2 protein chains.
Amino acid sequence: MKLTQAEWQIMNALWEKHPATARDIMTRLPKDVKWAYTTLKTMLSRLSEKEAVSEQKQSNTSVYEPLISQRKARLSAFRLLLDQSFDGAMGPLMHFMLEEQKLNAKQKKELIEILQNESEESGETE
Amino acid sequence: MKLTQAEWQIMNALWEKHPATARDIMTRLPKDVKWAYTTLKTMLSRLSEKEAVSEQKQSNTSVYEPLISQRKARLSAFRLLLDQSFDGAMGPLMHFMLEEQKLNAKQKKELIEILQNESEESGETE
DNA sequence: TGGCAGCTTCGACATATGTAGTAGAATGCT
DNA sequence: AGCATTCTACTACATATGTCGAAGCTGCCA
């Protein structure tokens, strides 16, 4: 499932809290997004066609629910980035992240801790 | 500079070895890409318009050179993924990568080492 | 019960992206 | 010189994406 930029903004708002109406979602979109209400509705319809969200009518108002998990969406996006921009390998990506200083000292420290903790355990989510 | 999927495939081929002609690039595209020669040319023209590559005529044949570095392109793509899909924070991304088992034990170990070494140094930004 | 307010559905349109054909110029082989 | 090969430049077209406006329901309140 590939989401477009606009779709990500909507899905992010929806994952944050749902079910939600179009109005609800509007208020949770990034501040710099200034869509007409119908623009959002159009996007929601398209997401519904794509089976990314479900649409239920409560009397005259539609209530939406995500049908794809954030985890799956992230996985797709991540894989795409990896394949498309980093030769499909973690190595280049890791190097890139470190070289670009995408991590500050504190983050590095946290990361090290996470890594060390996780090294002991197994387990998954969803 | 945002590159599309098709553009990434071309730029990857061009970064790999350049200058290069359209024919050269054709041979280095992913195996599953089966474009007509003119399709590639169209893409190259668009990349040229976008100032992502330069086009020089050697007599009657165009020779291309990347004008944007792979590093910069990766940076854009990475930032976009981070902002769009991971709340713009490394934390969620790191957790995601670990949970998804994108890193095996050895890689984690290496990563920890790199992190600890780099922790002392400083660097610059873009 | 007449309306306003808010929702919904449809249709429309611009730009972006993917994909390619055609025509004509430049090259090079014979 | 004449022809086949190979390029380039243009044009075209479908689908995807971003953005709305218009018009028609629904429900609630004075």
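The chains referred to below are lettered A, B, ... by the order of the sequence lines, with proteins before strands, and numbering in each begins at 1. Remember, predicted model here, so these are calculated numbers, not experimental data.
Between the side chain of B:Thr38 and the base of C:dG21, at least one donor-acceptor pair of N or O atoms lies under 3.5 Å. Residue side chain B:Thr42 reaches the base of C:dA20 through a donor-acceptor N/O pair under 3.5 Å, judged by distance alone.
Between the CE atom of A:Met26 and the P atom of C:dT8 there is a distance of 12 Å, rounded to whole Å. For the pair B:Gln9 CD and C:dT17 P, the computed distance is 14 Å after rounding to whole Å. One can place CG of A:Leu44 at 16 Å from C1' of C:dC10, the figure rounded to the nearest angstrom. Nucleotide C:dC10 holds its C1' atom 13 Å from the NZ atom of A:Lys41, rounded to whole Å. To the nearest angstrom, P of C:dT9 lies 10 Å from CG of A:Asn60. Rounded to a whole Å, the CZ atom of A:Arg46 is 12 Å from the C1' atom of C:dG11.
Residue A:Lys2 is the one, among A:Ser59 and A:Lys2, whose nearest nucleotide of DNA chain D lies closer to the 5' end (criterion: closest heavy atom). Nearest-nucleotide mapping onto DNA chain D: of A:Leu40 and B:Glu55, the residue sitting toward the 5' end is B:Glu55.
Within the nucleic acid shown, A:Thr39 comes within 4.0 Å of at least one base atom, counting heavy atoms only. Nucleic acid contact class of B:Gln5 (heavy atoms, under 4.0 Å, all strands): sugar-phosphate only. At a threshold of 4.0 angstrom between heavy atoms, the contacts of B:Ser45 with the nucleic acid are absent.
At a threshold of 4.0 Å, the pair A:Arg74-B:Glu100 does not count as salt-bridged, since none of the basic side-chain nitrogens sits closer than that to a carboxylate oxygen. A salt bridge links B:Glu7 to B:Lys50: one of the charged nitrogens lies within less than 4.0 Å of a carboxylate oxygen.
Using a distance-only test at 3.5 Å, with no hydrogens or angles considered, a donor-acceptor pair links the side chain of B:Asn12 to the main chain of A:Gln84. B:Ser48 places no side-chain N or O within donor-acceptor distance of the main-chain N or O of B:Leu44, the cut-off being under 3.5 Å. Remark: side-chain polar atoms of B:Thr21 are paired, donor with acceptor, to backbone N or O of B:Asp24 under 3.5 angstrom.
A sub-4.0 Å separation between OP1 or OP2 of C:dT9 and a side-chain N or O of A:Lys57 is present. The phosphate of C:dG18 (OP1 or OP2) has a side-chain N or O of B:Thr4 nearer than 4.0 angstrom. Taking only side-chain nitrogens and oxygens, A:Arg23 comes nearer than 4.0 Å to OP1 or OP2 of C:dC7. Within the structure, every side-chain polar atom (N or O) of B:Tyr37 is placed at least 4.0 Å from both OP1 and OP2 of C:dG21.
For DNA chain D, the span of nucleotides reached by chain A at under 4.0 Å from its heavy atoms goes, 5' to 3', from D:dT17 to D:dG27.
Distance CH2/B:Trp8 to OG/A:Ser85: 3.5 Å, rounded to 0.5 Å.
Among residues two or more places apart in sequence or in another chain, the side chain to side chain contact (heavy atoms under 4.5 Å, CB included) test is passed with B:Thr39 by B:Trp35, B:Ala36.
B:Glu55 and B:Ser62 share a donor-acceptor pair across their side chains, judged by distance under 3.5 Å alone.
A cation-pi geometry, defined here as NZ or CZ lying under 6.0 Å from the six-membered ring centre and within 45° of its normal, does not hold between B:Arg71 and A:Phe96.
For the segment residues 28-36 of chain A, residues with any heavy atom less than 4.0 angstrom from an atom of DNA chain D are, sorted by number, A:Lys34, A:Trp35, A:Ala36.
B:Gly88 and B:Arg79 make their closest contact through O-NH2, 4.4 Å (heavy atoms, listed as atom of the first residue, atom of the second, distance).
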